[in-house]
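Below: one structure, written as structure tokens.
All values below come from the heavy atoms of this structure, side chains included, with hydrogens, waters and symmetry mates left out. Just so it is clear, the structure is predicted and the values come from calculations on it, not from any experiment. Atoms within each ligand, like the ligands themselves, are counted from 1 in listed order.
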Amino acid sequence: MNILILGSGGREHSLAWAVKQNPKCDRLIAAPGNAGMAEIAECAKLDIMDGGAVVTFAEENAVDFVIVGPEAPLAAGVADRLRDAGVACFGPSAAAAKLEASKAFTKEICDASGAPTAGYARFTEAAPAKDYIREQGAPIVVKADGLAAGKGVIVAMTDDEALAAIDDMFGGEFGAAGAEVVIEEFMEGEEASFFILCDGTDVLPIGTAQDHKRVGEGDTGPNTGGMGAYSPAPVLTDEIAERALAEIIRPTVAEMARRGTPYQGVLYAGLMIKDGAPRLVEYNVRFGDPECQVLMMRLGAQALDLMLACAEGRLADARVNWAEDHALTVVMAAKGYPGSYDKGSVIRGLDGLPETSSEMTFHAGTVLDGGSVVANGGRVLNVTARGDSLQDARDRAYAMVEAIDWPEGFCRKDIGWRAL
Ligand code: AMP
Ligand code: GLY
């Protein structure tokens, strides 16, 4: 079959890498793709936010299946347009993507389904929001309602910080995303990510992971899109995963179906775990980046069969073939990230790196420039390895990092520290 993957990050490179290994995949196209994806797929120039253009491209290229990587095209209804045109697609409708696109909507679904999450209140004006903060007291969490590229959440340790966040959000710093604000109880515990395929009715867990959001070692410094990840997440034991399915995921999927907006795609549940009990921090309606890279490294070719089963409503009969393995990915970013950074530096040493079923360097912000791989973004490479233990996976990933010659880049040296 002909498969189109929308996106250009490390997440999409790892999806392409897994899909390409499946004999069902004849032709693989990535739009827009990156220098790493160009080695295994045709890269096409396409505005992935334009549903009409994506449908036309899919029809012209006899695409049988589209995998949507990022949330923005999902929230914009690209999956709806494809399905309306009869093109099979992995990813939720715009109505179901509200689980990520609106934090207030997710809270409503939690209320209706009884899913445990932080207590909260919603505001569209600054004065009552500030009164609420003074009444509740810090620590407290202030969230812009809409999509804010991962920057719309302020975990305030003091009242003043929370009050300043209110001014920023209603002051327009987050654009339309900040027109409504959700203020939440601060939850203590350890965070983990849980990935579940949903076909509208049935659910199938496909793995757990932990991300490293802060830029600096020991989880210090500003937030980033994610500086590294590993899978599985030891804190998310089978027992806690079962509880999360029973108390959070299945009730959410049932409530979405009851509303006539069934959820189809991967549901990425951010969980806070304390005393053996999971509570929902947030939903995302796509794979995490870089969590996807470690999940794909562990799933390999079966990822395509699972995504097809999901899109075709066959999850009740689908099974995941698990190995007792571990995967870890180290993000290499341009110096300066998540602040300002330069583009255009040449990355050397990639040719000598192993590319096997257990060692792979996924590209994120890279382009090819006259035969050289050149940095073209903040997060640039995801050096990923699999092993019998987390330590083994980590050692192999860092050995690959050592072989990469890129003075303008950096990485965290402590990915996996919590679990090790
Ligand atoms: P979100 O974008 O909702 O995942 O929030 C970003 C990060 O803020 C999360 O990964 C958590 O580390 C933190 N966070 C969000 N909500 C809460 C909460 N209610 N209590 C504690 N930490 C939170
Ligand atoms: N790594 C966090 C995310 O993808 O949202």
Which ligand 1 atoms, with their elements, are less than 4.0 angstrom from a heavy-atom of Lys143? 3 (O), 15 (C), 16 (N)
Could you pull out the N/O contacts under 3.5 angstrom between ligand 2 and the surrounding protein atoms?
{"residue": "ligand 2", "atom": "1 (N)", "partner": "Asp211", "partner atom": "OD2", "Å": "2.8"}
{"residue": "ligand 2", "atom": "1 (N)", "partner": "Gly225", "partner atom": "O", "Å": "3.0"}
{"residue": "ligand 2", "atom": "1 (N)", "partner": "Asp289", "partner atom": "O", "Å": "2.9"}
{"residue": "ligand 2", "atom": "1 (N)", "partner": "Glu291", "partner atom": "OE1", "Å": "2.9"}
{"residue": "ligand 2", "atom": "1 (N)", "partner": "Glu291", "partner atom": "OE2", "Å": "3.4"}
{"residue": "ligand 2", "atom": "4 (O)", "partner": "Arg286", "partner atom": "NH1", "Å": "2.9"}
{"residue": "ligand 2", "atom": "4 (O)", "partner": "Asp289", "partner atom": "N", "Å": "2.9"}
{"residue": "ligand 2", "atom": "5 (O)", "partner": "Arg286", "partner atom": "NH1", "Å": "3.4"}
{"residue": "ligand 2", "atom": "5 (O)", "partner": "Arg286", "partner atom": "NH2", "Å": "3.0"}

Just wondering, do Glu12 and Met37 contact through their side chains at under 4.5 Å, heavy atoms? yes
On a heavy-atom basis, I'd like to know which of Asp219, Thr106, Val155, Asp211 is closest to atom 23 (C) of ligand 1. Val155
Check ligand 1 against Ala118 and write out every atom of the ligand that is under 4.0 Å from a heavy-atom position of the residue. 19 (N)
The criterion is side-chain hydrogen bond (donor to acceptor under 3.5 Å, both in side chains); which residues satisfy it with Glu125, sequence neighbours excluded? none
If we check salt bridge (Lys or Arg N to Asp or Glu O under 4.0 Å) with Glu282, which of these qualifies: Lys103, Lys107, Lys143? Lys103
Taking the side chain as everything from C-beta on, heavy atoms only, tell me whether Tyr263 gets closer than 4.5 Å to Thr252. no
Should the proximity of Lys103 to ligand 1, defined as any heavy atom under 4.0 Å, be assigned to the side chain, the backbone, both, or neither? side chain
Ligand-side contact atoms (ligand 1) for residue partner Glu185, heavy atom cut-off under 4.0 Å: 18 (C), 19 (N), 20 (N)
Distance filter under 4.0 Å to Lys213 heavy atoms, resulting ligand 1 atoms: 10 (O)
side-chain hydrogen bond (donor to acceptor under 3.5 Å, both in side chains) evaluation trace for Asp111 with Tyr120: CA-CA 11 Å; Asp111 287 345; Tyr120 74 102; 2.5 Å; yes
Under 4.0 Å from ligand 1, counting heavy atoms only, is it the side chain of Met187, its backbone, both or neither? both
Would you be so kind as to tabulate the donor-acceptor pairs closer than 3.5 Å made by side chains of residues 194-204, with sequence neighbours excluded?
{"residue": "Asp199", "atom": "OD1", "partner": "Thr201", "partner atom": "N", "Å": "3.0"}
{"residue": "Asp199", "atom": "OD1", "partner": "Asp202", "partner atom": "N", "Å": "2.7"}
{"residue": "Asp199", "atom": "OD2", "partner": "Leu315", "partner atom": "N", "Å": "3.0"}

Kindly assign one of parallel, tilted or perpendicular to the pair Phe123 and Tyr132, based on the angle between their ring planes and the thresholds 30° and 60°. tilted
Test ring pair (Phe, Tyr, Trp, His ring centres under 6.0 Å) applied to His326 - qualifying residues, sequence neighbours left out: none
Flag the pair Asp388 / Asp325 as yes when at least one side-chain heavy-atom distance between them is below 4.5 Å, and no otherwise. no
